[in-house]
Amino acid sequence: MKKIIMLWSSLVATICLIVGCSNSKDIQDFNIEEIALNEAKKITSEQGYTLKSETLTDIMIGDSEVFKLIKDASIEGGYSKDAFDSMTEDRKIVGYELVEKSKEEKMITLCMIIDKGKVIGAYLEYTGYMPGIAPINFKDDFK
């Protein structure tokens with residue numbers, strides 16, 4: 001009888017663990033989108049931009065030249081260098097297309113970097129420009 005109770009308890013504990021882990025992933029993904037949208041709304045109200053639509057969700061790679069540009073633009077926009085230095089592998093970029101366009105009528109995307117459940121950086125991405133990454137307060141090329 002003890003063996004049956006032990007086996008049953010182990011089975012129930014395993015099922016609870018599996019269900020708990022799978023649900024936390026769904027909640028985490030939802031929260032990332034919500035966190036990004038809240039930050040995007042804050043930035044747009046401060047900078048005078050208008051969100052058009054969500055355009056991308058991607059994983060950020062921390063070992064490239066583009067990463068350095070993103071990090072520098074985020075720091076110039078008021079985000080902490082320390083947050084980038086302690087960034088984990090669980091990071092994402094969520095971007096929103098802005099209504100505003102560049103002088104050449106190209107799309108501008110407001111991108112947020114999310115890590116450990118918080119926004120650690122943000123930048124503007126100008127389509128068709130090289131490198132096309134600018135701080136959130138950069139408006140020199142707006143139409």
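Remember, it's a predicted structure, so these values are computed and weren't measured experimentally.
- Put simply, CG on Asn31 and CG on Asn38 are 10.0 Å apart, with the number rounded to the nearest 0.5 Å.
- Using a distance-only test at 3.5 Å, with no hydrogens or angles considered, no donor-acceptor pair links the side chain of Tyr123 to the main chain of Thr109.
- In this structure, CG on Leu110 lies 9.0 Å from OH on Tyr96, to the nearest 0.5 angstrom.
- With rounding to the nearest 0.5 Å, the separation of CG in Leu98 from CG in Leu124 is 6.5 Å.
- Residues that satisfy the side-chain hydrogen bond (donor to acceptor under 3.5 Å, both in side chains) test with Asp82, not counting sequence neighbours, are absent from this structure.
- Under the 4.5 Å side-chain criterion, counting only non-hydrogen atoms from C-beta, Lys71 is in contact with Lys81.
- Residues satisfying the side chain to side chain contact (heavy atoms under 4.5 Å, CB included) test with Lys68, not counting sequence neighbours, are Asp72.
- Considering only residues two or more places apart in sequence or on other chains, Lys41 meets the side-chain hydrogen bond (donor to acceptor under 3.5 Å, both in side chains) condition with none of them.
- Lys118 contributes atom NZ, which lies 7.5 Å from atom OG of Ser80 (distance to the nearest 0.5 angstrom).
- Here the shortest heavy-atom pairing between Phe138 and Tyr49 reads O-OH, 3.8 Å.
- For Lys116 against Ser86, the heavy-atom pair with the smallest separation is NZ-O, 3.2 Å.
- In terms of heavy atoms, Gly128 sits closest to Lys106 at CA-NZ, 4.5 Å.
- When all heavy atoms of Gly77 and Ile136 are compared, the closest pair comes out as O-CD1, 3.8 Å.
- Between the Thr44 side chain and the Thr50 main chain, no donor and acceptor come within less than 3.5 Å of each other.
- Using modelled atom types, one side-chain atom of Thr127 and one backbone atom of Met107 make a donor-acceptor pair closer than 3.5 Å.
- Both Val66 and Ile113 belong to a common hydrophobic cluster when Ile, Leu, Val, Met, Phe, Trp and Tyr are linked at side-chain heavy-atom distances under 4.5 angstrom.
- Between the CD1 atom of Ile108 and the CD atom of Glu100 there is a distance of 7.0 Å, given to the nearest 0.5 Å.
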Go through the steps for Glu33 and Val94 under the test side chain to side chain contact (heavy atoms under 4.5 Å, CB included), then give the verdict. CA-CA 7 Å; Glu33 301 299 325; Val94 179; 3.9 Å; yes
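- Once rounded to the nearest 0.5 Å, the distance linking CD1 of Ile120 with OH of Tyr79 reads 10.5 Å.
- For the pair Ser102 and Tyr126, the tightest heavy-atom approach, listed with the atom from each and the gap, is CB-CD2, 4.0 Å.
- Counting all heavy atoms, side chain and backbone alike, Leu51 lies closest to Ala40 at CD1-CB, 4.0 Å.
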